[in-house]
Amino acid sequence: MLETGKSEEYNARHLQVLEGLEAVRKRPGMYIGSTDSRGLMHCAWEIIDNAVDEALEGYADEITVTLYADGSVEVDDNGRGIPIDTVPGTGASGVEVVYTKLHAGGKFGGGSYSASGGLHGVGASVVNALSRRLDVEVDRSGKTWAMSFRRGEPGIFSDSGTAPDPLADFSPFTSASELRVVGKIGKKKTGTRVRYWADPQIFPEDAVFDAEELRERIREKAFLVPGLKIILRDRRPAFPAHGSSQAGLPAAEGKTGSAAENSEEIFYYEGGVRDFVEFLAQDPPVTGIWQISGEDVFTETVQALNPDTGHLQPKEVERRCKVDIALRWGTGYETKEHSYVNIISTPKGGTHLAGFENGLVRAVRAQTEAKSRQLKLGSREAKIEKDDVLSGLTAVVTVSFPEPQFEGQTKEILGTAPIRSIVQKITETQVTGFLKSAKRDRKTENLRLLEKIVAEMRARVAARTQKEISRRKNALESSTLPAKLADCRSSEIERSELFIVEGDSALGTAKLARSSDFQALLPIRGKILNVQKASPAEILKNAEVSSIIQVIGAGSGRTFDLAAARYGKIIFMTDADVDGAHIRTLLLTLFFRYMRPLVEAGRVYAAVPPLHRVEVAGNGKKKKEYIYTYSDSQLHTVLAKLKKQGRSYKEPIQRYKGLGEMDADQLAETTMDPAHRTLRRISMADEEALKTAEGTFELLMGSDVAPRRDFIVRGAASVSRSRIDA
């Protein structure tokens, strides 16, 4: 059901058509990104970039940017000057068309610009639409021509003083616009001056020009167009000065004035992207600066104006892309990548930066594989990835070609697809050439670089492994207990006992033999992992080891918390044979390495199950008697005593091979009942015992085979065959 009061009518009267610059004022964010300080700066860059495009084509070599105290910005260049003649089909001058018509300009493939940052023909007109006042002066044909605009509309301001006033009375042109002549100049002098005041109806009061950002971007332009001089003048009273010593500025920059008076900075460089990389890189070098340059062609289909019909039609054109890159690696870990298209900064990258990174990684990866033996790189080690290669890299990537495709008017991302493969091919080929250089100094440098990249790869893998371990440990220590644990009822830790039982077969008997009030059972299947040899990641992947750590509940390694242990005694209950002894040793290794506080506190025990059961025949009123012995020597002593007493016993003597051979009563009486059992406490009473234990575990359970073999050979003579339970 529709809400009451809501109109159901929707027809053509509800539709609006925004003509000319009205669309810009209605939706400014579509053209400049936002209406905050960032959008305000973008307007300045639209005008500055138009001047820099003239320099890029070789028509200008000096640009002056002035920030005035009244908030206005002026950009002055000595380029060709905006055309002043009438644009065919419009009846308006070139100046008026450029500043009042969207998608109008000389950068649509008409031959005026081979490569420029301006593409859409909306930059100057957008700034005009969003300005309370904009003045243009053009030096051309021996005269200075002028035109003024208010919010995109041409007209004349009635300035009362010598300085232009955006609040002065404004008279718009009614019948025809007028391009006024305001002065005479030399016939060879050309250029354009644009001064504008941002409209407070569009931009809030807190939107301000960032002087530092302006310096950085102007410095970039001077680096990218070698030989271009850019002068930055700030006539605002609160201009933040660097100080009279000019600390932090490169040698090519000059600065005059102070914060209290007019301030001027000059940016001028001859070295291009090499100087730019040298300026950006602050850490000690691993390599020198490598410069990559080249060009290639690609084809694309564009819409071109047919002079016969006056309409656009598809046309396949060939584009030439020039690539100029400078890079170097330093000892640091930060990555600094600056990418540009026709000297327009692309802070979010695009196809050119992706191609550079892909080519770089492919070249480096191929060389690390080729020199794997020299780099001691194992065949099972992880592959070199992009982050490993980019660590410590400073790079400036520039490409220039006609009519690049950007994602939006803000030009933050390049979208022209063929540029990726061109940049990738040039980068991969030339970086491979650098890395294969036979020069002695270059070979040393290359090896140092590859060693750094391999070290980054190993550090990345180690960090990821540690993160996985941490995640597994947290999950392990906080998750529910294993289903195979037969827990006890008592909550008194001092009284409770955990039996780690060898094999599921013994578990059933042990369940019947235990006192479920305070005795818990955890079965383990076979021999657990030898943790002396294994990595932490392998240890936590092992199901049996994970179960033990989880059940005890106190963590492992450095995070082990003795107070959090869930049981007062941990008892290893294994078979009385060689395999049982081996399992007991593996368990001891685990506790010694990862839960040592339990051992040091004397809370780890080994159960002592019997080896034999002697069934003594009854004598008279005496019933049959069962005697358990725990060693061969004890058995011989018991049998001798029985013979001496004249008592007979059943033969053969029962020899227990495993815990599963006992029934519940026998297991309880001999191994689990505190009143009758024998336990061996595992302890490290002093520092000497700890040193001995460390050495013994490393000798018997460690990765180094040779010392263990020597130990076995030395002790072989002292072992009799009768002592081996085969």
Please check this pair: side chain of [X] against backbone of [Y], looking for a donor-acceptor N/O pair closer than 3.5 Å.
| X | Y | answer |
| --- | --- | --- |
| K221 | I343 | yes |
| D388 | E385 | yes |
| T192 | V138 | no |
| T432 | E428 | yes |
| R140 | G191 | no |
| S37 | V208 | yes |
| K336 | L280 | yes |
| N128 | A124 | no |
| S437 | F434 | no |
| T346 | S339 | yes |

Any heavy-atom pair between the side chains of [Y] and [X] that's under 4.5 Å?
| X | Y | result |
| --- | --- | --- |
| L327 | V396 | no |
| I231 | V65 | no |
| D61 | K229 | no |
| L377 | M457 | yes |
| R328 | P285 | yes |
| Q282 | E334 | no |
| T64 | D77 | no |
| W329 | R448 | no |

In terms of heavy-atom contacts, does CD of E278 have more than 12 from other residues, nucleotides or ligands at under 6.0 Å? no

Above 12 or not: heavy atoms from other molecules or residues under 6.0 Å from NZ of K371?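 Buried by this count: over 12 neighbours within 6.0 Å.
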
Working for salt bridge (Lys or Arg N to Asp or Glu O under 4.0 Å), residues R458 and E381: CA-CA 8 Å; R458 288 172 175 156; E381 289 199 70; 2.8 Å; yes

One pair to check against side chain to side chain contact (heavy atoms under 4.5 Å, CB included): L375 and E451. What are the steps and the verdict? CA-CA 6 Å; L375 296 168; E451 286 174 342; 3.7 Å; yes

Going by atom types alone, do [X] and [Y] pair a side-chain donor with an acceptor below 3.5 Å?
| X | Y | answer |
| --- | --- | --- |
| Y340 | E220 | yes |
| S131 | D199 | no |
| E445 | W290 | yes |
| S345 | H338 | no |
| Q430 | Q291 | no |
| T144 | D139 | yes |
| T416 | T351 | no |

Taking only Lys NZ, Arg NE, NH1 and NH2, and the carboxylate oxygens of Asp or Glu, determine whether D441 and K439 approach each other closer than 4.0 Å.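 Between K439 and D441 there is no salt bridge, as every charged N stays at least 4.0 Å from the carboxylate O atoms.
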
Is any NZ, NE, NH1 or NH2 atom of the basic residue among D210 and R217 found under 4.0 Å from an Asp or Glu carboxylate oxygen of the other?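 No, no charged N to carboxylate O under 4.0 Å.
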
Could you state the interatomic distance from [atom1] ([X]) to [atom2] ([Y]), rounded to the nearest 0.5 Å?
| X | Y | atom1 | atom2 | result |
| --- | --- | --- | --- | --- |
| L224 | R219 | CG | CZ | 12.5 Å |
| I47 | H42 | CD1 | NE2 | 10.0 Å |
| I218 | L232 | CD1 | CG | 4.5 Å |
| N342 | K322 | CG | NZ | 11.0 Å |
| I48 | I230 | CD1 | CD1 | 8.0 Å |
| L393 | T335 | CG | OG1 | 6.5 Å |

From CA spacing to verdict: side chain to side chain contact (heavy atoms under 4.5 Å, CB included), Y333, D283: CA-CA 9 Å; Y333 305 101; D283 52 347; over 6 Å; no

Is it the case that [X] places NZ or CZ above or below the six-membered ring of [Y], under 6.0 angstrom from the centre and within 45 degrees of the axis?
| X | Y | value |
| --- | --- | --- |
| R132 | W197 | no |
| R195 | Y68 | yes |
| R80 | Y59 | yes |

Run the side-chain hydrogen bond (donor to acceptor under 3.5 Å, both in side chains) test on Q424 and E357 for me, step by step, so that the C-alpha distance in whole Å, both residues' side-chain angles and the decisive distance to 0.1 Å come before the verdict. CA-CA 7 Å; Q424 178 176 319; E357 292 177 346; over 6 Å; no

For a quick test of reading the model, state the closest non-hydrogen atom pair linking [X] to [Y] and the distance between them.
| X | Y | answer |
| --- | --- | --- |
| N446 | K436 | ND2-N, 4.4 Å |
| I32 | C43 | CG2-SG, 4.1 Å |
| V461 | A382 | CG2-CB, 3.7 Å |
| F203 | G39 | CE2-C, 3.9 Å |
| A198 | L40 | CB-CD1, 3.4 Å |
| V397 | H352 | CG1-O, 4.4 Å |

Using the rule given for salt bridge (Lys or Arg N to Asp or Glu O under 4.0 Å), can you reason through R133 versus D135, listing the C-alpha separation, both sets of side-chain angles and the distance that settles it, and then say yes or no? CA-CA 7 Å; R133 174 174 180 170; D135 294 338; 3.1 Å; yes

Could you go through the side-chain hydrogen bond (donor to acceptor under 3.5 Å, both in side chains) check for N78 and E54 one step at a time? CA-CA 9 Å; N78 62 350; E54 286 289 293; over 6 Å; no

Start with the C-alpha distance between R215 and E212, add both sets of side-chain angles, then the distance that settles salt bridge (Lys or Arg N to Asp or Glu O under 4.0 Å), and finish with yes or no. CA-CA 5 Å; R215 288 189 196 97; E212 188 57 40; 2.8 Å; yes

Could you walk me through whether R193 and E74 pass the salt bridge (Lys or Arg N to Asp or Glu O under 4.0 Å) check? CA-CA 7 Å; R193 283 176 300 284; E74 182 179 82; 5.8 Å; no

For the pair F298 and F401, name the ring-plane relationship: parallel under 30°, tilted 30 to 60°, perpendicular over 60°. perpendicular

Set out, in order, the CA-CA distance, both residues' side-chain angles and the distance that settles side chain to side chain contact (heavy atoms under 4.5 Å, CB included) for S372 and E369, then state yes or no. CA-CA 5 Å; S372 58; E369 291 174 357; 5.7 Å; no

Using the rule given for side chain to side chain contact (heavy atoms under 4.5 Å, CB included), can you reason through L435 versus V364, listing the C-alpha separation, both sets of side-chain angles and the distance that settles it, and then say yes or no? CA-CA 8 Å; L435 293 173; V364 170; 4.2 Å; yes

